[in-house]
2 protein chains.
Amino acid sequence: MELRQIRYFLKAKELLNFTEAANSLFISQSTLSQQIKQLEIELDVLLFNRIGKRIALTEAGEMFAEHAVQSLNKANDGFLAMKDLNNLKTGKIIIGVTYGIRSFLTPALIEFSKKYPDIQVQVIFGISDELFEKLNQLELDFVLSFRESMDEEHFNYTYLFSSPMTFVTSDKSLIEGKETITLEEIAKMPLALPAKGFSTTKFINKIFTTSKLSPKISIEINDIQILLDIVKTGNWHTVLAQTTVSDVKELHAVPIAGESMTRSAMIISLKDVYEKKAVKVFCDILQKINSKES
Amino acid sequence: MELRQIRYFLKAKELLNFTEAANSLFISQSTLSQQIKQLEIELDVLLFNRIGKRIALTEAGEMFAEHAVQSLNKANDGFLAMKDLNNLKTGKIIIGVTYGIRSFLTPALIEFSKKYPDIQVQVIFGISDELFEKLNQLELDFVLSFRESMDEEHFNYTYLFSSPMTFVTSDKSLIEGKETITLEEIAKMPLALPAKGFSTTKFINKIFTTSKLSPKISIEINDIQILLDIVKTGNWHTVLAQTTVSDVKELHAVPIAGESMTRSAMIISLKDVYEKKAVKVFCDILQKINSKES
DNA sequence: TTTCTAAATCGGTTTTATCGATTGATTTAA
DNA sequence: TTAAATCAATCGATAAAACCGATTTAGAAA
């Protein structure tokens with residue numbers, strides 16, 4: 001039994017005339033006759049009484065039609081659901097975001113949701129390592145994160161923008177007013193840094209190591225919001241991408257002197273995975289917003 | 001899109017392995033691969049992510065599966081309903097019965113319903129002409145009626161039993177005690193007869209015409225039960241098949257002398273119409289009961 | 001590093017849907 | 001009543017599609 005036969009049967013039932021049904025389906029009458037006969041043989045019932053040149057539905061035919069029409073409708077529903085998905089009329093995207101990029105996400109989120117209100121967007125904030133693990137487990141559609149290299153073969157990397165790494169300090173501290181600061185100067189300050197899973201921390205460790213300096217780390221913490229509160233006290237400082245604190249008014253970001261003191265924000269996704277149309281559209285919006293801001 | 005593809009897709013979804021799914025369905029892996037690809041092309045989505053040698057369901061795949069499984073289940077329901085119909089687990093038969101045969105119907109009805117409790121039986125009492133019209137309109141599965149000839153080409157006739165035509169009178173009347181009565185004697189009596197649509201009336205008219213006699217018809221009525229009540233008064237008599245009054249204790253049936261004074265009870269059905277299994281079984285029971293009683 | 005294995009692809013074969021023509025019978029029109 | 005039209009069934013042939021085994025490609029396991 002195939003949907004084709006069901007389609008033929010239901011049309012014949014509707015028109016109660018094999019020739020008309022065949023014409024309506026753009027097939028020959030003999031095809032329709034044969035396919036319905038096959039269905040009858042398979043079901044071991046007669047679906048139609050053939051009376052002279054006319055047809056009448058049998059009890060079996062009536063009974064079968066109830067199920068047949070539902071089967072066909074469900075299949076059509078499936079087809080239409082795929083259409084909706086492709087037309088951005090339904091679906092869901094799941095985005096992993098690191099802290100420093102949240103302010104760039106918001107405008108894209110607003111624009112996307114306004115344009116495609118039927119698409120559900122789930123945003124998961126997290127530290128880089130966790131987010132990439134979720135990406136590998138197909139739990140995320142993409143990750144927004146800072147990255148220094150595009151070194152994982154199975155990932156797609158799409159550049160968004162660069163943000164300078166800055167020395168972040170409180171407005172209360174004495175360091176306000178400096179136009180730039182060196183790593184040597186930072187190495188003498190009490191620092192509160194993100195915990196080990198943060199890509200920012202990896203970056204910080206790398207630049208200090210490269211410069212043969214040791215930072216004076218007083219605090220390591222895995223919550224950026226609390227980290228910022230600690231810096232607000234004026235007793236500790238930190239090093240973060242400028243975008244991380246661009247909207248925090250009690251904090252001051254001082255550019256760090258030296259080369260390679262910028263980090264690139266990227267859209268990172270899995271290569272082998274089918275790119276949902278909604279994901280593609282969202283990323284396009286992200287890039288559009290980024291090019292506008294630069 | 002065909003149910004075949006849906007079956008393949010759902011098995012692949014279940015096992016998350018094309019090769020195993022193919023084996024499970026007794027087809028080759030390449031067939032499964034190609035058919036799923038065809039489905040994906042038609043739906044314009046990827047249903048599976050191919051990650052190395054493994055497969056994972058996409059969002060589209062998950063969404064589609066919800067509809068697909070229902071479509072397949074409804075089709076299977078239709079198939080199973082046909083099985084039930086053939087196994088006498090469901091269905092309905094509609095029987096048209098003339099008055100004189102009702103006492104033979106009851107035992108068959110009881111036996112059938114005991115044996116096949118899930119089959120609905122609808123019994124329609126009526127006069128012959130009405131019942132045959134309904135039969136022609138496919139509103140009845142068959143008719144139980146007396147018949148003299150098998151003269152309609154598009155009907156099937158199955159003989160059940162013969163019943164003598166009798167002069168029916170009240171126990172109160174003076175005619176009780178006669179072993180037989182002639183048409184001449186009957187012609188002198190005040191008669192209450194069934195109305196024109198009854199085949200019994202046609203039979204009575206015929207035998208009187210053939211004998212060149214005119215019955216003294218005082219009353220014509222189209223309700224047999226009332227007719228019998230009228231006869232019970234003792235003021236009028238009637239002519240009916242013996243079976244019509246075999247279970248009425250206030251009435252006495254006197255055999256009518258002469259040849260051709262019997263009528264045959266038959267099962268009459270349409271030739272062009274698919275005979276339901278339930279109908280066939282019911283008729284077999286009717287015939288079995290009849291051969292037992294004779 | 002080698003071997004195994006799973007999905008994709010290829011080219012050929014088998015099966016099935018489909019077609020147009022014809023048959024048989026009924027219905028309609030003249 | 002006859003002739004013509006028409007409708008479902010059937011037939012034989014063809015086109016299309018499902019299917020197969022072999023091979024390729026690449027990932028996973030040993």
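All values below come from the heavy atoms of this structure, side chains included, with hydrogens, waters and symmetry mates left out. Within every chain, numbering begins at 1; the chains are lettered A, B, ... in the order of the sequence lines, protein sequences first and strands thereafter.
- When the side-chain hydrogen bond (donor to acceptor under 3.5 Å, both in side chains) test is applied to A:K202, the partners found at least two apart in sequence or on another chain are A:D129.
- Nearest approach of A:N222 to A:A195, heavy atoms of both residues: CB-CB, 3.8 Å.
- In this pair, B:F161 and B:F104 present their aromatic rings parallel. The plane angle is below 30°, not in the 30 to 60° band.
- Annotation: proximity of residues 4-24 of chain B to DNA chain C (heavy atom, distance under 4.0 Å) is found for B:N17, B:F18, B:T19, numbered in ascending order.
- In the 5' to 3' direction, nucleotides of DNA chain C lying under 4.0 Å from heavy atoms of chain A begin and end at C:dA17 to C:dT27.
- In this structure, B:L32 reaches neither bases nor backbone, as no heavy-atom distance under 4.0 Å exists between it and the strands shown.
- Residues satisfying the side-chain contact (heavy atoms from CB on, under 4.5 Å) criterion with A:Y157, sequence neighbours excluded, are A:R147, A:M150, A:D151, A:E152, A:F155, A:M266, A:I268.
- Side-chain atoms of B:V121 and B:L109, non-hydrogen and from C-beta on, do get closer than 4.5 Å to each other.
- Between B:K92 and A:E59, none of the side-chain N atoms (NZ, or NE/NH1/NH2) sits under 4.0 Å from a carboxylate O, so this pair counts as no salt bridge.
- With sequence neighbours excluded, the residues satisfying ring pair (Phe, Tyr, Trp, His ring centres under 6.0 Å) with B:Y116 are B:F112.
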Just the table, please: protein N/O against nucleotides 27-30 of chain D N/O, every pair under 3.5 Å.
unit_1, atom_1, unit_2, atom_2, d
D:dG27, N2, B:K53, NZ, 2.3
D:dG27, N3, B:K53, NZ, 3.2

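- Partners of A:E2 according to the side-chain contact (heavy atoms from CB on, under 4.5 Å) rule, which considers only residues two or more places apart in sequence or in another chain, are A:R4, A:Q5, B:E2, B:L3, B:R4, B:R7.
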Report each atom pair, protein N/O against N/O of nucleotides 10-13 of chain D, whose distance is under 3.5 angstrom.
unit_1, atom_1, unit_2, atom_2, d
D:dT10, OP2, A:K37, NZ, 2.6
D:dC11, N4, A:Q34, NE2, 3.0

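- With hydrogens and angles ignored, the 3.5 Å screen pairs a side-chain donor or acceptor of A:T201 with a backbone N or O of A:P194.
- A:S28 is linked by a side-chain contact (heavy atoms from CB on, under 4.5 Å) to A:S30, A:T31, counting only residues two or more places apart in sequence or in another chain.
- Residue pairs meeting the salt bridge (charged side-chain N to carboxylate O under 4.0 Å, His left out) criterion with at least one member in residues 9-21 of chain B, sequence neighbours excluded: B:K11-B:E14.
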- Task: Take B:E66 and B:Q70, measure what side chain to side chain donor-acceptor pair (under 3.5 Å) needs, and give me the verdict at the end.
- Result: CA-CA 7 Å; B:E66 288 170 17; B:Q70 286 179 54; over 6 Å; no
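- A donor-acceptor pair under 3.5 Å links the side-chain atoms of B:T98 to the main chain of B:L144, judged by distance alone.
- Pairs of residues two or more places apart, or lying in two chains, that qualify as ring pair (Phe, Tyr, Trp, His ring centres under 6.0 Å) and include a residue from residues 5-41 of chain B are B:F9-B:F48, B:F9-B:F64, B:F18-B:F48.
- Summary of helix geometry: the two end axes of the helix from C:dT1-D:dA30 to C:dA30-D:dT1, each defined by five base pairs via their C1' atoms, are inclined to each other by 30° (rounded to 10°).
- Counting only distance, with no hydrogens or angles, the side chain of B:T210 and the backbone of B:K206 share a donor-acceptor pair below 3.5 Å.
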